[in-house]
Engineer: 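Below is the structure I would like to discuss, written out as structure tokens.
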Amino acid sequence: MTAQNIDDVVDGLAGIVREAERTGDRIGYFAALYRQVTVEIRTAVHDGQFEDGPRMDRFDTLFGNRYFDAYDAWRRDRSGPRCWRETFGLLGDADTVIVQHLILGVNAHINLDLAVAAAGTDPGEDINALRHDFLLINDILARVVLAVQDSVDAVSPLLSLLDKVGGRTDEQILDFSVRESREEAWHNAVLLAGQNETERAATIERLDTRATVLARLIARPGGIVRPALELIRHTESDDVPAVISHLDDAMQRVSAAR
């Protein structure tokens, strides 16, 4: 699938979520999170919150197509960027807990795709004009992550155990240092925006390699986190369609509670 605008991105993600609910495919976990972020960004575009709404529509479309391309490549012949292959390759692994699936998707999409999409939106020196709106998305992400965090806690009741052994909160686990990762992605986007085709290919390869290493660490953490994840797995819901539906309604529940 190829999106032409942000509406197409929302529709494409909604289609993946619906199909995942129907088939019980864990790919719907991250897709549900991503759909809600995109809906919030679209609302912000329509409300005039960005300096340049049409540019943000274009940026979000490029960003969404990076995910769709990886999704289509995996479905077609298990190809695509290595970090996405690591992520999608764990979808059938019942030992991988819900929060790991979410963070794996966040890792690949931010640590690889975000810089590429930003550089493609405004190549060369023009990329600096994107900075303000790029940072504004952090606030949108924070709201959605907080809502999804509450949803994960409801279907994964022992997630708080990971907080204790990891020395961090639920929000930090789900956030996966999103702000820091996005800041690094911005610097990589500026780098890519000023490079020629050969240089860009080398930089993208480097980003993919790093995101792949991070994916492996997320999937197979060491130390005391590993037995904690085993306990979490045995207590969280294994009803994949129900979990997807619950995650996909996170922002709706927040709105209803206001």
Side-chain angles (χ1 to χ4, degrees), residues 1-21 27-75 80-81 84 87 102 105-123 126-148 178-179 181-183 185-186 188-190 192-193 244-245 247-255:
M1 65 187 80
T2 301
Q4 301 300 317
N5 51 51
I6 196 170
D7 290 332
D8 288 349
V9 177
V10 172
D11 291 344
L13 290 169
I16 292 173
V17 171
R18 287 194 301 269
E19 179 65 13
E21 283 186 86
I27 204 167
Y29 293 168
F30 174 71
L33 167 62
Y34 186 23
R35 186 194 70 80
Q36 290 170 97
V37 171
T38 307
V39 167
E40 293 297 305
I41 292 173
R42 180 176 64 179
T43 298
V45 170
H46 291 169
D47 289 348
Q49 295 180 32
F50 294 108
E51 287 184 345
D52 189 331
R55 181 180 60 202
M56 286 308 299
D57 189 304
R58 188 170 70 255
F59 165 66
D60 197 272
T61 303
L62 289 172
F63 192 36
N65 280 330
R66 290 284 308 180
Y67 175 72
F68 294 145
D69 287 347
Y71 173 90
D72 289 342
W74 176 257
R75 291 299 197 207
W84 277 115
T87 299
L102 291 172
V106 169
N107 166 58
H109 209 31
I110 289 182
N111 286 320
L112 173 61
D113 296 336
L114 185 57
V116 179
T121 302
D122 274 329
D126 289 346
I127 193 172
N128 294 303
L130 182 62
R131 175 67 172 170
H132 176 271
D133 287 346
F134 185 93
L135 290 175
L136 187 58
I137 294 176
N138 286 339
D139 296 331
I140 295 172
L141 282 170
R143 292 199 304 271
V144 179
V145 164
L146 187 61
V148 172
V178 166
R179 287 181 182 269
S181 296
R182 282 180 53 81
E183 185 63 22
W186 173 257
N188 286 319
V190 173
L192 284 166
I244 294 171
S245 178
L247 295 176
D248 196 48
D249 287 339
M251 290 302 293
Q252 186 175 338
R253 283 192 298 276
V254 170
S255 297

Engineer: Do Val254 and Arg143 have side chains that approach each other closer than 4.5 Å (heavy atoms only, starting at C-beta)?
Structural biologist: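 Counting from C-beta outward, Val254 and Arg143 never come under 4.5 Å.
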Engineer: I need the minimum non-hydrogen distance between Ala118 and Ile127, along with the two atoms involved.
Structural biologist: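 Scanning both residues, the minimum pair turns out to be O-CD1, 3.9 Å.
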Engineer: Tell me, which pairs form a ring-ring contact (aromatic ring centres under 6.0 Å, His included) where one or both residues lie in residues 127-148, sequence neighbours left out?
Structural biologist: Phe134-Trp186
Engineer: For the atom pair CD (Glu40) and CE (Met251), what is the distance rounded to the nearest 0.5 Å?
Structural biologist: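 Going from CD on Glu40 over to CE on Met251, the span is 3.5 Å.
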Engineer: Could you state the interatomic distance from CD1 (Ile6) to CG (Leu62), rounded to the nearest 0.5 Å?
Structural biologist: 11.5 Å
Engineer: Arg42: which residues meet the salt bridge (Lys or Arg N to Asp or Glu O under 4.0 Å) condition with it, sequence neighbours left out?
Structural biologist: Asp7
Engineer: Taking NZ, NE, NH1 and NH2 as the nitrogens, is one of them in Asp122 or Arg58 under 4.0 Å from a carboxylate oxygen of the other?
Structural biologist: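 So Asp122 pairs with Arg58 through a salt bridge.
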Engineer: Within the 4.5 Å heavy-atom criterion, are Phe59 and Leu114 side-chain neighbours or not?
Structural biologist: yes
Engineer: Quick check for you: to the nearest 0.5 Å, what is the distance between Asp113 atom CG and Asn107 atom CG?
Structural biologist: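 That separation rounds to 10.0 Å.
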Engineer: Which residues pass the salt bridge (Lys or Arg N to Asp or Glu O under 4.0 Å) test with Asp133, sequence neighbours left out?
Structural biologist: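 Partners of Asp133 by the salt bridge (Lys or Arg N to Asp or Glu O under 4.0 Å) criterion, ordered by chain and then number, come out as Arg55.
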Engineer: Of the non-hydrogen atoms in Ile110 and Ser181, which two are nearest, and what is the gap between them?
Structural biologist: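 The answer is CG2-CB, 3.7 Å.
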Engineer: Does any non-hydrogen side-chain atom of Ile16 lie less than 4.5 Å from one of Tyr67?
Structural biologist: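 A side-chain contact under 4.5 Å exists here.
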Engineer: How far apart are the closest heavy atoms of Val9 and Gly64, and which atoms are they?
Structural biologist: CG1-CA, 4.1 Å
Engineer: With sequence neighbours excluded, what pairs up with Ala250 under the side chain to side chain contact (heavy atoms under 4.5 Å, CB included) test?
Structural biologist: Gln36, Ala147, Val148, Ser151, Arg253
Engineer: Could you go through residues 43-51 and list every donor-acceptor pair under 3.5 Å that involves a side-chain atom there, pairing it with any protein atom two or more places apart or in another chain?
Structural biologist:
{"residue": "Thr43", "atom": "OG1", "partner": "Val39", "partner atom": "O", "Å": "3.0"}

Engineer: For the atom pair CZ (Arg35) and CG (Leu247), what is the distance rounded to the nearest 0.5 Å?
Structural biologist: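 Separation between the atoms: 11.0 Å.
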Engineer: Minimum heavy-atom separation for Ala119 and Ala193, please, with both atom names.
Structural biologist: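 Heavy-atom minimum between the residues: CB-N, 3.8 Å.
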Engineer: So Leu112 and Arg66, do their side chains get closer than 4.5 Å, heavy atoms only?
Structural biologist: yes
Engineer: Return yes when atom CD of Glu183 has more than 12 non-hydrogen atoms of other residues, nucleotides or ligands closer than 6.0 Å, and no otherwise.
Structural biologist: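 Check passes, neighbour count above 12.
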Engineer: Hey, what do you get for CG (Asp60) to OG1 (Thr121), rounding to the nearest 0.5 Å?
Structural biologist: 9.0 Å
Engineer: Compare every heavy atom of Ala108 with every heavy atom of Thr87, then report the nearest pair and how far apart it is.
Structural biologist: OG1-CB, 4.2 Å
Engineer: With no hydrogens and no angle check, is any side-chain donor or acceptor of Asn65 less than 3.5 Å from a backbone partner on Ala3?
Structural biologist: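 Indeed, once roles are kept as given, a pair shorter than 3.5 Å links the two residues.
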Engineer: Report yes if some heavy atom in the side chain of Tyr34 is under 4.5 Å from a heavy atom in the side chain of Val106; otherwise report no.
Structural biologist: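 No, too far: nothing below the 4.5 Å cut-off.
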Engineer: To the nearest 0.5 angstrom, please state how far the OG1 atom of Thr38 sits from the CG atom of Asp11.
Structural biologist: 11.0 Å
Engineer: Which atoms form the tightest heavy-atom contact between Gly28 and Val17, and what is the distance?
Structural biologist: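 What the structure gives for the nearest pair is O-CG2, 4.5 Å.
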Engineer: Any side-chain heavy atom of Thr61 within less than 4.5 Å of one from Asp8?
Structural biologist: no
Engineer: Applying ring pair (Phe, Tyr, Trp, His ring centres under 6.0 Å), can you list everything that pairs with Tyr71, at least two apart in sequence or on another chain?
Structural biologist: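 Result, ring pair (Phe, Tyr, Trp, His ring centres under 6.0 Å) vs Tyr71: none returned.
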